[in-house]
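Written below as structure tokens is the structure these notes are about.
Please read these numbers as outputs of a predicted model, since none were measured by experiment. Within every chain, numbering begins at 1; the chains are lettered A, B, ... in the order of the sequence lines, protein sequences first and strands thereafter.
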Amino acid sequence: MQVVKRTAADYRWVRPPEWCPGCGHFGVLQSLYNAFAELNLDPANVVLVSGIGCSSRLPHFVRTTSVHAIHGRAIPYALGIKLANPSLEVVVVGGDGDLMAIGGNHLLHLGRRNVDMTVILMDNSVYGLTRGQAGPTLPAGIKVKAVPKANPQGEINPLLLALTAGFTFIARGYSYDIKYTTRLMVEAIRHKGSAFVQIYSPCVTYNNVMTREWYEKRIYKLEEADPAWDPVVHDEREVELKIRKALDKIVEGDRLPLGIFYKNELVPTFEERYESLYDPNYRKLPPALQPVEVDGKSVVDFEKLVADRLL
Amino acid sequence: MRISFLIGGPQGRGVETASFMFIYGVGSAGYYVYARREFWSNIAGGRHSYVVGTISDKWPAPAPGNSVELALTFDGHAVLEHIFHLRRGSYLVYNTEEDSKTPDNYPMMAKPLAERLKHFAKEQRFEPTVRNFVEYLRQNGVEVVGLPYNKHISEIGRKIGVTSPVMLARFVNTFVVALGAALLGLDEEHVARGVGFALGKKADVIEQNKKVAAEAIKLVNRKMTVLQPRNPGVKRVFWNGNEASAYGKIVGGVRLVAYYPITPATDDAMSFERLIPFPIRKDAGELAKLEKVGAVAFQAEDELAAVAIATGGAIAGARSATVTSGPGFSLMAEALSMAGMMEVGIVVTLWMRAGPSTGQATRQGQQDLFFSLFIGHGEYPKIVYASGDLEEVFLDNIRVANWAERYRVPVIHLVDKNLSNTFTVMPLPDPSKVKIETAPPVVYPQTKEAEAYPLEEVVPPRLLPGVSNAIFHLNSLEHDPEGDPEEDPVMVSRMFERRMQKLKLIEGEIPPEEKVLYFGPADARRVIVGWGSTKPAILTALEELGDVGFLYVKMMYPYPADLVRRYLEGRETLFIENNYFGQLAMITRMFAGVEPTAVAVKFNGRPITTDDVIEAYRKFEAGQKTIKIESDL
């Protein structure tokens, strides 16, 4: 078979992105193109799933299969797709409102399942599409342009939540650093298990506080600050230590570390667990790929299925 | 031949096990059984629960009425619960050790019932003891078999060498069932078969219980009938409605079920899960080599996720379903609208229960017809289809899975608590009565961008990620053929119409006999109209009512207006429903323009019985337009 080497341009869809000039999301999009190209993913085998919001429009600018679903539910739609056909590369993109507020419960539960898929949070701390309300990652006391007063609600730390939920890959990037974000995305997609990547992606229209300048004063890279930084769990005995180390960095507030905080591939994925508990052929012949009838008759032997109930 | 029965006692103390023993035991003698379970939505048990049903040598067995011929009770509480469900000639089996108790001695009895009983005793001028109520029954022609249960069980225990109180307590089920078997002329062998089914197949346990049964049978020197063992000549199955639904899904090719636990739907998903992996027919081509195939049963974090996971499964190409009840269904509204817009075919098996709100989780209601028809914002095509008995629950599961895939719309399959907790020994349905019709996916020789929503197709080509070699966009926003957001009014209008044309396609393709069924004389002047699980009661009543028709509606949306009009125009109609509004009557008026003559409704959490139908019909004949049914069995 001919091996095709794809470039970032191969993942560009026909329509140009519709975001405000200078929006952080452009960097996320470019990083995703780059990551897909680096991984040489078959665009017909990738399913990009999103909910609702500025960031959730992203799949319309990407030449892969995609599902632009309803607000907050990108993760369960993606989960259903992955469960039915685990050979697909499933990636969720969404904003902090979509993934952390209305969809927060789903994020929480994806982590503990460790299904082999990737969630990319495009975090700008505001609701751009509905004109600038406070997002769930906006710290208390910050007043953004469109709202009358400072935020009376506290913020969620997405990485802290992801770590607690059980995600086995946790990373943070910055959208204007495309090269670095690309690397994180490649690692996240490659990771075996549920991966979570937070990307600071400033909103140039509505978040007049957490701007490019604001971020660039605070961000730094974990491995640059500490060349010995190693977030990978190499041995099960290291789990607690690596979680503590990740935690230490995740809760930093004055400065904002970027990089991979935690990575543990020793945890079995949901697919592996399901295979061993329910169906040894699960990944070979998953629900989406099974023939269910021959000449209109069910492939299932009904009388055998119901044998213990027959009299 | 028909015998109606009930088995009642404190919930969670073996009533259900005893019922399984009884039903299976009677079934093992070659009879059919149609029964239903009534129980409280409570935590620790102890409330009164019962199984009521009929035994018959024919199928369908008649549906029960408001009284039974045989009542097997575990305690005095059960006797008091069913005082008004016995009639002249009925048999009551009860424990005389409870004789001196009164309603006040049963803290788990519903207070309003205790008050009604005490009031009744006062009117009858007796103290409200179990003994006095039983005496009242005896005076009114009820045959009473009263025995001191524990005394006899201890004696039997001594005879067969069992003295531990824990072990003896386990014999109560067998003891009570055996007393019933004795009255029906069945021997200990059939009780033992029931024990074997209900308690597992351990030979020593069965042998011990067989001895208990033999001794208990000797205690009864009367017989209400003799059920001669017979050969029914067909394979029969013992199952309940939740299970029939799960079997239907499996046979119908459903390979992904996502759910969040809720009564009375969970057992549908749990049964599906229990049966993974599924055995494959030897003649099933390539697949037969595997012997078994798997599926995914997935417990979600909530119903918002459950419906989305099922939709995701369908997007990937698996026949997918979610199962739920009213409260969970409420959470699914937005996602169903999306499935309509995105054109993903999913099945929602909706096990209706008595609402509103949390309502009565374990009780019967048909209150969600309106909601099913109109769930979800905006306008989009969908199918709403109702089943009325266990064979239908099984076969309709295959149908709705076909339709979801064929039309790529959400399909809401209406079933209810009554069906979920109906237990039958019935002929094994033939799955080949419904052909499995799949829509094979498009597969391009080389990867290409494809239109997910071409304007010229009413149902778009079936594109599957990873299978079709297609790059395509699915969208919950209004979109162009490529699936990208579009608000151009000309395009919106064309795309909207294209989606809605599915309704015409559905109406045209699904044959009339799958939409409505008509029973009774073709020229009957009066017609009963009903839907869902009231079917067996209405059909049973029809035999007694004679010159009356029964229009049974299955297809709720798109509503078969022409068909219904054809059957109902120029006739007097009585709609009978398990809800307050008479929802079928209202949608019939709305869609078919037929004005109902009378509406009979029951909304007390109990199903409509054969007697309810007969009584409602008599009132209808007498000219009553609005009939409220309040019976309580």
Looking at [atom1] of [X] and [atom2] of [Y], how far apart are the two atoms once the value is rounded to the nearest 0.5 Å?
{"X": "A:Phe169", "Y": "A:Arg190", "atom1": "CZ", "atom2": "CZ", "answer": "10.5 Å"}
{"X": "A:Arg63", "Y": "A:Tyr11", "atom1": "CZ", "atom2": "OH", "answer": "8.5 Å"}
{"X": "A:Leu99", "Y": "A:Leu121", "atom1": "CG", "atom2": "CG", "answer": "5.5 Å"}
{"X": "B:Arg399", "Y": "B:Asn397", "atom1": "CZ", "atom2": "CG", "answer": "11.0 Å"}
{"X": "B:Leu287", "Y": "A:Asn281", "atom1": "CG", "atom2": "CG", "answer": "9.5 Å"}

Residue selection (most heavy-atom pairs with chain A, distance under 4.5 Å) from [options]:
{"options": "B:Val425, B:Asp283, B:Ile250", "value": "B:Ile250"}
{"options": "B:Asp484, B:Ile280, B:Ile276", "value": "B:Asp484"}
{"options": "B:Leu464, B:Leu275, B:Leu428", "value": "B:Leu428"}
{"options": "B:Gly285, B:Ala305, B:Ala450, B:Ser468", "value": "B:Ala305"}
{"options": "B:Gly294, B:Pro279, B:Gly253, B:Ala284", "value": "B:Pro279"}
{"options": "B:Lys235, B:Arg193, B:Lys292", "value": "B:Lys235"}

* Asked: If we only count heavy atoms from C-beta on, is the A:Val91 to A:Val47 side-chain gap below 4.5 Å?
  ->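 No, too far: nothing below the 4.5 Å cut-off.
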* Asked: Does B:Met426 reach the side chain of B:Trp239, with side-chain heavy atoms less than 4.5 Å apart?
  -> yes
Go through the atoms of [X] and report whether side chain, backbone, both or neither lie under 4.5 Å from a heavy atom of chain A.
{"X": "B:Glu286", "value": "neither"}
{"X": "B:Lys282", "value": "side chain"}
{"X": "B:Ala452", "value": "neither"}
{"X": "B:Tyr444", "value": "neither"}
{"X": "B:Pro441", "value": "neither"}
{"X": "B:Glu437", "value": "neither"}
{"X": "B:Ala258", "value": "neither"}

Do we see a donor-acceptor contact under 3.5 Å between the side chains of [X] and [Y]?
{"X": "A:Thr168", "Y": "A:Asn114", "result": "yes"}
{"X": "B:Glu303", "Y": "B:Tyr259", "result": "no"}
{"X": "B:Asp302", "Y": "A:His109", "result": "no"}
{"X": "A:Glu38", "Y": "A:Asn34", "result": "no"}

* Asked: Is any residue of residues 307-320 of chain B within less than 4.5 Å of chain A by heavy atoms, and which ones?
  ->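 If one takes a 4.5 Å heavy-atom cut-off, the residues of residues 307-320 of chain B near chain A are B:Ala308, B:Ile309, B:Thr311, B:Gly312, B:Gly313, B:Ile315, B:Ala316, B:Gly317, B:Ala318, B:Arg319.
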* Can you tell me if A:Asp98 uses its side chain to pair, donor with acceptor, with the backbone of A:Gly103 under 3.5 Å? ->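 No, the answer is negative, given that no donor and acceptor are paired below the 3.5 Å cut-off.
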Which bit of [X] is near chain B, if near means a heavy-atom gap under 4.5 Å: side chain, backbone, both or neither?
{"X": "A:Ile70", "result": "both"}
{"X": "A:Tyr77", "result": "both"}
{"X": "A:Leu310", "result": "both"}
{"X": "A:Ile52", "result": "side chain"}
{"X": "A:Leu48", "result": "neither"}
{"X": "A:Asp42", "result": "side chain"}
{"X": "A:Thr64", "result": "backbone"}
{"X": "A:Val49", "result": "neither"}
{"X": "A:Asp301", "result": "both"}
{"X": "A:Pro59", "result": "backbone"}

Heavy-atom pairs under 4.5 Å with chain B: which of [options] has the most?
{"options": "A:Ala78, A:Ala74, A:Pro43", "answer": "A:Pro43"}
{"options": "A:Val294, A:Ile75, A:Val14", "answer": "A:Val294"}
{"options": "A:Leu285, A:Val306, A:Leu311, A:Leu289", "answer": "A:Leu311"}
{"options": "A:Val46, A:Leu305, A:Val67", "answer": "A:Leu305"}
{"options": "A:Glu293, A:Glu303, A:His71, A:His106", "answer": "A:His106"}
{"options": "A:Asp295, A:Asp308, A:Asn105, A:Asn85", "answer": "A:Asn105"}

Hey, would you say the [X] and [Y] ring centroids sit under 6.0 Å apart?
{"X": "A:Phe270", "Y": "B:Phe298", "result": "yes"}
{"X": "A:Tyr274", "Y": "A:Tyr282", "result": "yes"}
{"X": "B:Phe272", "Y": "B:Phe278", "result": "yes"}
{"X": "A:His68", "Y": "B:His473", "result": "no"}

* Asked: Any salt bridge between B:Glu405 and B:Arg462, counting N to O under 4.0 Å?
  -> yes
* **Smallest separation among heavy atoms of A:Glu18 and A:Phe61, with atom names** => N-CZ, 3.4 Å
* Let me see the working for B:Glu301 and A:Arg113 under salt bridge (Lys or Arg N to Asp or Glu O under 4.0 Å), right down to the final yes or no. => CA-CA 11 Å; B:Glu301 56 272 33; A:Arg113 289 166 184 150; 2.7 Å; yes
* Test: B:Arg230 cationic atom under 6.0 Å from B:Tyr31 six-membered ring centre, within 45° of axis -> yes
